[in-house]
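Numbering of residues begins at 1 and proceeds along the displayed sequence.
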Amino acid sequence: MGNEKKHKAGVFLEKLLINNAVTILFCIICVAGIILAKQPLSFIVGEISTRLFRNLILILALLVPVWAGMGLNFSIVLGAMSAQIGIIVATNFSVSGFACLMVSFIVSIPLSLLFGNLTGRLFNQTKGQEMITGMILGFFAKGIYDLVFMFLCGPVIPIKNQTLLLTNGIGLTTPINLEADTKGAINKMWSMSLDQAIGWGLIALLAVQVAVLAYKIGVKREKIRWAGQYKLYLTAALLAAFKVLCAASKTVLFALQFTDVPVVTGILIFCVCIYITFLSRTKLGSDINAVGQNMNIAVSMGIPADKIRITAIMISTLLAGLGQLIFIQDIGNFTTYTAHENVGTFAIAALLVGGASIKKATIGQAVLGALLFHTMFIISPIAGKNLFDNAQLGEYFRVFACYAVIAVALALHAWKTVMAKRVDDSESEALEEKEAQRAA
């Protein structure tokens, strides 16, 4: 009995290590990098916070296609392009401030939905090859994008704002800089220190959980199993631990107070998370998961698999457009012809770092991946400079890590698929032998 328990524990530990190998590796890299970088905690916390709010929606945009069984959506670059087109249109008509961002988003919505619809239709013709198709589609779309804005703007497409044009009057200039009141317009609407944001966020989450329980008890008259309310207890424990940590460590408290977070951007991210969670519990979400698990069974159940796949890509592209808009307004400018190029690669790498795969991805994995991936991005050049007296090595390392994590994740998925097939074959052979023995 004891040997059987040890065997099960060993198998569980092995699966845990294999399934989270990339995440564990990045945790080690980040810890080692922080030690070698020798930077103040306030600097690290501030940079991580900035990048998290700037990039998280782009990473969240990848979740729905994964649920639909379409893998990692490299074609979110089309959503990023739609956001950039929206900004170009708004800038062309000299719209500035928050209105510029609103006009940009309104313009990007139909473009994102159109691009997503066309992409979904293409993916339905290349089932099983969606990732490589999305990658090639991104290159093709970039060619058309460059043709329009490099050669047609000016001679064919009239440009009202002459500051957008090159000196010869053909093609758009690069980079395109947002006006002072447009840069960070969403971030500037409401900000607070990170310690206040975390504290009030945990309190709000606790209040929502208590309100839900009160509704179930008072209105629905449900019997609550208090032993199973682990989310409520975990939130309360996190709030208490956070308060104790802030009281016990002045260094941590200073780092949190030193860092300001954009509350409105955080609310937008929260709304996207709520939408994705709500979507997973709707009929559409159930159909998306059914198509992702087994398309043939889903079709036999009457689910229009092709339409569901198109819808999933349209949602992803729309969220990518919003994410790119948040990214650009935070930066304050974008390179006209290349700002969208690595959007898909970096977002996918961050999601995989959080422990996701091409078959399963969650909001928690997206957040964890964003934290780890961008921590590595922040500290690797500084660590490389301190360790080898060459910051460029850190730059090379983080670019290498970005592509390596995608390669490792895909290799692990292929290995798991082969192993699962071998297990199924061995089980079927064992059943056939048993049936043959019974027949004999």
Side-chain angles (χ1 to χ4, degrees), residues 45-63 76-77 79-113 161 175-198 200-201 204 256 258-276 315-336 339-340 343 346-347 350 363 366-367 370-371 374 377-378:
V45 172
E47 288 295 317
I48 292 173
S49 173
T50 299
R51 290 173 179 269
L52 181 66
F53 284 92
R54 182 191 296 165
N55 294 279
L56 191 52
I57 293 180
L58 283 169
I59 302 171
L60 293 171
L62 297 167
L63 298 185
I76 63 169
V77 295
M81 288 179 187
S82 69
Q84 292 167 197
I85 294 170
I87 293 175
I88 291 170
V89 171
T91 305
N92 184 45
F93 289 98
S94 301
V95 183
S96 62
F98 181 73
C100 175
L101 301 179
M102 285 300 300
V103 171
S104 301
F105 182 59
I106 292 170
V107 171
S108 73
I109 290 174
L111 292 174
S112 297
L113 295 178
N161 189 342
I176 293 177
N177 296 306
L178 303 185
E179 294 187 12
D181 56 345
T182 305
K183 179 181 178 181
I186 297 176
N187 296 350
K188 295 172 185 176
M189 293 176 69
W190 182 16
S191 64
M192 64 171 62
S193 61
L194 186 55
D195 64 317
Q196 290 179 326
I198 294 175
W200 283 112
L256 296 178
F258 184 79
T259 304
D260 287 333
V261 297
V263 178
V264 177
T265 305
I267 291 173
L268 285 175
I269 294 171
F270 179 74
C271 289
V272 171
C273 293
I274 291 295
Y275 169 73
I276 292 173
I315 292 171
S316 178
T317 309
L318 180 62
L319 291 178
L322 175 61
Q324 184 72 349
L325 189 64
I326 296 296
F327 181 92
I328 292 173
Q329 68 87 33
D330 185 77
I331 295 291
N333 62 73
F334 68 96
T335 50
T336 311
H340 50 271
V343 165
F346 288 152
I363 293 173
V367 175
L371 287 170
H374 290 291
F377 250 62
I378 293 162

Shortest non-hydrogen contact from [X] to [Y]?
X: Ala185; Y: Gly97; result: CB-C, 4.2 Å
X: Ala61; Y: Ala320; result: CB-N, 3.7 Å
X: Val261; Y: Ser49; result: CG1-OG, 3.3 Å
X: Ala339; Y: Val343; result: O-CG2, 3.8 Å
X: Ala83; Y: Gly321; result: CB-O, 3.2 Å
X: Val77; Y: His340; result: CG1-O, 3.3 Å

Once you round to the nearest 0.5 Å, how far does [atom1] of [X] lie from [atom2] of [Y]?
X: Glu47; Y: Ile378; atom1: CD; atom2: CD1; result: 5.5 Å
X: Thr182; Y: Gln329; atom1: OG1; atom2: CD; result: 10.0 Å
X: Leu322; Y: Ser104; atom1: CG; atom2: OG; result: 11.5 Å
X: Asp260; Y: Trp190; atom1: CG; atom2: CH2; result: 13.0 Å
X: Ile48; Y: Thr259; atom1: CD1; atom2: OG1; result: 9.5 Å
X: Leu178; Y: Ile87; atom1: CG; atom2: CD1; result: 5.5 Å

Indicate yes or no for a side-chain donor-acceptor contact from [X] to the backbone of [Y] under 3.5 Å, with no hydrogens or angles considered.
X: Lys188; Y: Lys183; answer: yes
X: Thr50; Y: Gly46; answer: yes
X: Asn161; Y: Phe93; answer: no

Going by the rule side chain to side chain contact (heavy atoms under 4.5 Å, CB included), which residues pair with Leu52 if we only count those two or more places apart in sequence or in a different chain?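 With sequence neighbours excluded, Leu52 shows a side chain to side chain contact (heavy atoms under 4.5 Å, CB included) to Leu56, Ala370, Leu371, given in chain and number order.
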Please step through side-chain contact (heavy atoms from CB on, under 4.5 Å) for the pair Gln324 and Phe334, ending with a clear verdict. CA-CA 10 Å; Gln324 184 72 349; Phe334 68 96; 5.8 Å; no
I need the single residue from Leu319, Ile276, Ile315, Val272 that forms a side-chain contact (heavy atoms from CB on, under 4.5 Å) with Leu63. Which is it?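 Looking at Leu319, Ile276, Ile315, Val272, the match for Leu63 under the side-chain contact (heavy atoms from CB on, under 4.5 Å) is Ile276.
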For a side-chain contact (heavy atoms from CB on, under 4.5 Å) with Ile326, tell me which candidate from Ile331, Ile186, Asn55, Leu101 qualifies.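 The passing option is Ile186.
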Would Phe53 and Leu268 count as a side-chain contact (heavy atoms from CB on, under 4.5 Å) if you check the C-alpha gap in whole Å, the side-chain angles of each, and the deciding distance to 0.1 Å? CA-CA 10 Å; Phe53 284 92; Leu268 285 175; over 6 Å; no
So do Ile57 and Ile269 actually touch side chain to side chain, heavy atoms under 4.5 Å?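 Answer yes - side chains close enough.
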